[in-house]
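Below, chain A is the first sequence line, B the second, and so on; all start at residue 1. Predicted model only: the values in this text are computed from it and were never measured. Just so you know, these numbers use all the heavy atoms, side chains as well, and skip hydrogens, waters and symmetry mates.
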2 protein chains.
Amino acid sequence: MKNRMRMVNKVRLYRTYYQWTQQELAERVGVRRETILFLEKGKYNPSLYLAWELARTFRVKIEDLFDLIER
Amino acid sequence: MKNRMRMVNKVRLYRTYYQWTQQELAERVGVRRETILFLEKGKYNPSLYLAWELARTFRVKIEDLFDLIER
DNA sequence: ACAATATATTAGAAATACATAACAGAAATA
DNA sequence: TATTTCTGTTATGTATTTCTAATATATTGT
């Protein structure tokens with residue numbers, strides 16, 4: 001979509017803060033473990049649904065969890 | 001979990017507030033006019049990228065533009 | 001009424017999020 | 001060391017978002 005912007009996130013940051021495994025977080029938000037892994041690795045960007053669930057699980061705003069920065 | 005929740009948005013509300021056509025808004029956020037139409041009609045939910053661009057364009061938070069409610 | 005513009009509908013293609021599964025290496029722990 | 005758990009990789013399949021284009025209807029202005 002936007003070629004000059006790139007999405008970064010703090011999923012791993014918050015997950016390790018809560019001391020959850022990828023599997024634990026995956027179950028909490030209702031996705032597969034690999035989905036969490038790929039998100040953390042920046043291999044793909046989430047849907048708004050998933051972003052919402054993650055932010056809710058971490059008790060933060062979506063804008064705090066995800067950020068759009070210059071490439 | 002995901003099935004008992006449904007996403008609503010204020011895209012049409014903010015678009016008409018700014019007196020933009022679907023075409024105008026589409027150009028501002030970099031998508032097709034039909035994408036805006038389907039979003040307003042709730043025919044599909046946006047990517048986080050698009051949600052971000054829309055919120056930025058309307059100068060609101062993503063959580064203000066989109067809401068996850070009980071079905 | 002006529003013309004121009006905005007919105008709506010449909011269908012198919014393209015792109016990508018996410019699922020699923022199998023396996024491998026790293027790290028922790030007994 | 002041996003075993004378990006966690007993380008990473010790859011490959012393939014499915015579902016959904018978005019694009020594209022064509023056409024139809026509604027709305028607005030002259």
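Looking at B:T16, its side chain never comes within 3.5 Å of a backbone N or O of B:Q19 through a donor-acceptor pair.
With sequence neighbours excluded, the residues satisfying salt bridge (charged side-chain N to carboxylate O under 4.0 Å, His left out) with A:R32 are A:E34. With sequence neighbours left out, A:K10 forms a side chain to side chain donor-acceptor pair (under 3.5 Å) with A:D64. Taking the side-chain contact (heavy atoms from CB on, under 4.5 Å) definition, one finds that A:L37 meets it with A:R12, A:Q22, A:K41, sequence neighbours left out. Partners of B:E63 according to the side-chain contact (heavy atoms from CB on, under 4.5 Å) rule, which considers only residues two or more places apart in sequence or in another chain, are A:W52, A:K61, A:I62, A:E63, B:K61.
Evaluated for a side-chain contact (heavy atoms from CB on, under 4.5 Å) with A:L50, the options A:I36, A:N45, A:T35 yield exactly one hit, A:T35.
As rounded to whole Å, 17 Å separates atom C1' of C:dT5 from atom CG of B:L25. Separating the CD1 atom of A:I36 from the P atom of C:dC18 is a distance of 9 Å, rounded to the nearest angstrom. Straight-line distance from the CD atom of B:E53 to the C1' atom of D:dT17: 16 Å, rounded to whole Å. When the C1' atom of D:dT27 is taken as reference, atom CD of B:Q23 falls 17 Å away, rounded to whole Å. Between the CG atom of B:L48 and the P atom of D:dT16 there is a distance of 19 Å, given to the nearest Å. What separates CG of B:L39 from C1' of D:dT16 is a distance of 13 Å, to the nearest Å. For the pair B:Q19 CD and C:dA6 P, the computed distance is 13 Å after rounding to whole Å. Atom pair A:M7:CE and C:dA17:P shows a separation of 10 Å (rounding to whole Å applied).
B:L13 and B:L54 are not part of a single hydrophobic cluster, where members link through side-chain heavy atoms under 4.5 Å apart.
Over its length, the helix from C:dA1-D:dT30 to C:dA30-D:dT1 turns its helix axis by 50°, as judged from the five terminal pairs at each end, rounded to 10°.
Aromatic ring orientation, A:F58 versus A:Y18: parallel (interplanar angle below 30°, classes split at 30° and 60°).
Considering only side-chain N and O atoms, A:T35 lies nowhere under 4.0 angstrom from the phosphate OP1 or OP2 of C:dA17. In this model, the phosphate group of D:dT17 is not approached by any side-chain N or O of A:S47 to a distance below 4.0 Å at OP1 or OP2. Remark: A:R32 is in phosphate contact with C:dT20, judged by side-chain N or O atoms under 4.0 Å from OP1 or OP2.
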Protein and nucleotides 8-11 of chain C: nitrogen or oxygen contacts under 3.5 angstrom:
from, atom 1, to, atom 2, distance (Å)
C:dA8, OP1, B:R12, NH1, 3.2
C:dA8, OP2, B:R12, NH2, 2.6
C:dA8, OP2, B:Q22, NE2, 3.0
C:dA8, N7, B:R33, NH1, 3.4
C:dA8, N6, B:R33, NH2, 3.1

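The shortest heavy-atom contact between A:F66 and A:M7 is CB-SD, 3.9 Å.
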